[in-house]
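Below is one structure, written out as structure tokens, with a few remarks after it.
These numbers were taken from a predicted model, which means no experiment stands behind them.
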Amino acid sequence: MARALQLARQGLYTTDPNPRVGCVLVKDGEIIGEGWHQRAGLSHAEVEALNNAPDAQGATAYVTLEPCSHFGRTPPCCDALIKAGVSRVVVAMQDPNPLVAGQGLQKLRAAGVDVVCGVLQEESQLLNQGFIKRMTQQRPWVRSKLAMSLDGRTALASGESKWITSAQARADVQRLRAESSAILTGINTVLADDPALTARVDEDVVQPLKVVLDSQLAMPVDAQLVNGPGRTLILTSSTDDTKKQALQQAGFEIYEITEHQGRLDLRQVMTFLAEQQINEVLVEAGPTLNGALLAQNLVDEWVIYMAPCVLGDQGRGLFTLPDMNTMADKKNLNLADVRQVGPDLKLTFTAN
């Protein structure tokens, strides 16, 4: 199963909106076939492994996710395993997709296949936390990336911030982008930095969707965002048809989101993204959006790169939290991981 998980990770940057899945076929103590799901629309891991095996009759299949039992873009994997004569199937976790949710295991058992479920389950869940959250809570899994100085500043008072962290940390961020289904930012970040928000890695990658929260449609029609690969969405509450038409002609997709207390309703934003089949969201934004997300407990994981430099007390902070007036209002996070990336520290926190 550990090998199957290793195979599944090879689809880390490419399987959206599908889960990452690996499969290993074993017969007489020997691996006879391996496979992983590479991209939506292509064969699932089980079929790939069967195609690579000379004869799977009587073999054991180790699969990181319950084999599907329904027709989607591809036929059910359960049927392929049964037809190949596989006698035992070991599964890491049940599929959270309501279309499957135990039916695949039931179908295998009904065909006389010996089924075991729950082997390395936590590792499999970690690999597909976005897919699981979208299927069970109708929301994507959200990670926010932040870079700060030793004294907790994200930029100088002037707004200058390039570069606080090292080249190694910035390369690590590219891998976070590549893992993500979408990158979410606010219009203030676009106006200040004109970012491309593309994933620049040396491996095959499905470029993440670029999503900008822009309540008043202040987006420049020539912003760098729209020129790169992948779709760019603007979420707005504006009803200005002239601005909408100009931005749509430039290549942006415009969607209306209702307001909440004068801002875009962030919970509706997350629901909308889940409806777009977005599994994992990477937030790359300034203190206003990050503060609002923190206040509403909408972020699952905070990744903070801390550089060994000092920017001083006039620099800009990580979060804008105007309603935090007493120590009772403070936000507590759980430190999940610390590691060094170049000269910087990468701190990973999870929400309480």
Give me the atom names and distance for the closest heavy-atom approach of Ala61 to Leu81. CB-CD2, 4.2 Å
Leu264 side, atom CG; Ser238 side, atom OG - distance, nearest 0.5 Å: 10.5 Å
Walk me through whether Ser237 and Glu259 qualify under side-chain hydrogen bond (donor to acceptor under 3.5 Å, both in side chains). CA-CA 6 Å; Ser237 55; Glu259 285 190 351; 2.8 Å; yes
Would you call Asp344 and Lys346 a salt bridge, using N to O less than 4.0 angstrom? no
Do other residues, nucleotides or ligands put more than 12 heavy atoms under 6.0 Å from Gln245 CD? no
Tell me if a side-chain donor or acceptor on Arg339 pairs with a main-chain N or O of Leu347 at a distance below 3.5 Å. no
Begin with the C-alpha distance, continue with both residues' side-chain angles, and end with the deciding distance and a verdict on side-chain contact (heavy atoms from CB on, under 4.5 Å) for Lys244 and Asp241. CA-CA 5 Å; Lys244 281 184 185 177; Asp241 289 334; 4.1 Å; yes
Candidate list Leu266, Val212, Ile278, Val281, test side chain to side chain contact (heavy atoms under 4.5 Å, CB included), partner Leu184, passing option: Val281
Determine, for Glu203 against Arg175, whether the closest basic-nitrogen to carboxylate-oxygen distance falls under 4.0 angstrom. no
Does any N or O in the side chain of Asn279 come within less than 3.5 Å of the main-chain N or O of Pro17, such that one atom is a donor and the other an acceptor? yes
Could you tell me whether Arg39 and Asp16 have a side-chain N and a carboxylate O separated by less than 4.0 Å? no
For the residue pair Phe272 and Tyr255, categorise the inter-ring angle as parallel (less than 30°), tilted (30 to 60°) or perpendicular (more than 60°). tilted
Partner of Trp36 under side chain to side chain contact (heavy atoms under 4.5 Å, CB included), chosen from Glu48, Arg20, Gln10: Gln10
Grouping I, L, V, M, F, W and Y whenever their side-chain heavy atoms are under 4.5 Å apart, do Leu273 and Val299 come out in a common cluster? yes
Work out which heavy atom in Thr136 is nearest to a heavy atom in Pro96; give both atom names and the distance. CG2-CB, 4.0 Å
Just by modelled atom types, is the Ser144 backbone N or O under 3.5 Å from a matching donor or acceptor in the Asn290 side chain? no
Counting only N and O atoms by type, is there a donor-acceptor contact under 3.5 Å from the side chain of Lys210 to the main-chain atoms of Leu233? no
Quick one: does Gln277's side chain have a donor or acceptor within less than 3.5 Å of a partner on Ala274's backbone? no
Where do Leu321 and Ala295 come nearest, in terms of heavy atoms and distance? CD2-CB, 4.1 Å
Where do Leu127 and Leu12 land on the side-chain contact (heavy atoms from CB on, under 4.5 Å) test, with the steps shown first? CA-CA 8 Å; Leu127 190 60; Leu12 194 63; 4.1 Å; yes
So, does Ser149 use its side chain to make a donor-acceptor pair with the main chain of Val310 at under 3.5 Å? no
Does CG in Asp28 sit with more than 12 non-hydrogen atoms of other residues, nucleotides or ligands closer than 6.0 Å? no
So Val86 and Thr60, do their side chains get closer than 4.5 Å, heavy atoms only? no
Determine whether Val206 and Val173 fall in the same hydrophobic cluster, where Ile, Leu, Val, Met, Phe, Trp and Tyr are linked whenever their side-chain heavy atoms lie under 4.5 Å apart. no
Is it true that a side-chain atom of Gln207 and a backbone atom of Ala199 form a donor plus acceptor pair closer than 3.5 Å? yes
Quick check with a 6.0 Å cut-off and a 45 degree axis cone: is Arg134 positioned over the face of Trp141's six-membered ring? no
For residues Thr165 and Arg170, determine if any side-chain heavy atom of one lies less than 4.5 Å from a side-chain heavy atom of the other. yes
Is the backbone N or O of Pro19 less than 3.5 Å from a side-chain atom of Asn128, with the two atoms forming a donor-acceptor pair by type? no
Quick check on side chain to side chain contact (heavy atoms under 4.5 Å, CB included): which of Leu120, Val119, Val90, Val91 does Tyr62 satisfy it with? Val90
Which heavy atom of Ala178 sits nearest to which heavy atom of Val205, and what is that distance? CB-CG2, 3.8 Å
Heavy atoms, side chains only, cut-off 4.5 Å: are Ile254 and Thr236 in contact? yes
Minimum side-chain heavy-atom gap Leu235-Asp214 below 4.5 Å: no
Under a 4.5 Å cut-off applied to non-hydrogen side-chain atoms, are Phe319 and Leu146 in contact? yes
Salt bridge or not between Arg177 and Glu284? Use side-chain N to carboxylate O under 4.0 Å. yes
Between Pro220 and Leu191, is there a side-chain heavy-atom distance shorter than 4.5 Å? yes
Value rounded to 0.5 Å, distance of SG in Cys68 from CG in Asp79: 8.5 Å
Carefully, step by step, assess Lys331 and Asn297 under the rule side-chain contact (heavy atoms from CB on, under 4.5 Å). CA-CA 9 Å; Lys331 292 287 186 179; Asn297 299 314; 3.3 Å; yes
Applying side-chain contact (heavy atoms from CB on, under 4.5 Å) to Asp329 and Asp323, what does each step give before you reach the verdict? CA-CA 8 Å; Asp329 299 326; Asp323 296 328; over 6 Å; no
In terms of hydrophobic clusters joined by side-chain contacts under 4.5 Å, are Met148 and Val338 together? yes
Polar side-chain atom of Glu253 near backbone of Thr232 as donor-acceptor pair, under 3.5 Å: no
Answer whether the closest heavy-atom distance between the side chains of Asp300 and Thr350 falls below 4.5 Å. no
Output yes when a side-chain donor or acceptor of Thr348 lies under 3.5 Å from a complementary backbone atom of Ala336, and no otherwise. no
If every non-hydrogen atom of Val89 is compared with every non-hydrogen atom of Pro67, which pair is closest and at what distance? CG1-CG, 4.4 Å
Tell me which one of Thr15, Asn18, Thr64 satisfies side chain to side chain donor-acceptor pair (under 3.5 Å) with His37. Asn18
Which atom names give the shortest non-hydrogen contact between Ala45 and Val21, and what distance separates them? CB-O, 3.4 Å
Ionic contact status for Glu66 with Arg109, cut-off 4.0 Å: no
Could you give the distance from CD (Gln168) to CD (Gln340), rounded to the nearest 0.5 Å? 9.5 Å
Working to the nearest 0.5 Å, report the span between CG of Asp55 and CD1 of Ile32. 7.0 Å
Atom NZ of residue position Lys83 - does it have more than 12 heavy atoms of other residues, nucleotides or ligands inside 6.0 Å? no
Co-membership, hydrophobic cluster, residues Val211 and Met270, 4.5 Å side-chain: yes
Atom OG of Ser180 and atom OH of Tyr13: how far apart are they, to the nearest 0.5 Å? 10.0 Å
Using the rule that two of Ile, Leu, Val, Met, Phe, Trp, Tyr join whenever any of their side-chain heavy atoms come within less than 4.5 Å, decide whether Leu176 and Leu209 are in one cluster. no
Are Trp302 and Arg143 packed together at the side-chain level, in the sense that at least one heavy-atom pair is separated by less than 4.5 angstrom? no
Do we see a donor-acceptor contact under 3.5 Å between the side chains of Arg9 and Gln6? no
Could you check whether atom CZ of Arg263 has more than 12 heavy atoms from other residues, nucleotides or ligands sitting under 6.0 Å from it? no
Return the CZ to CD distance between Phe349 and Glu301, rounded to the nearest 0.5 Å. 11.0 Å
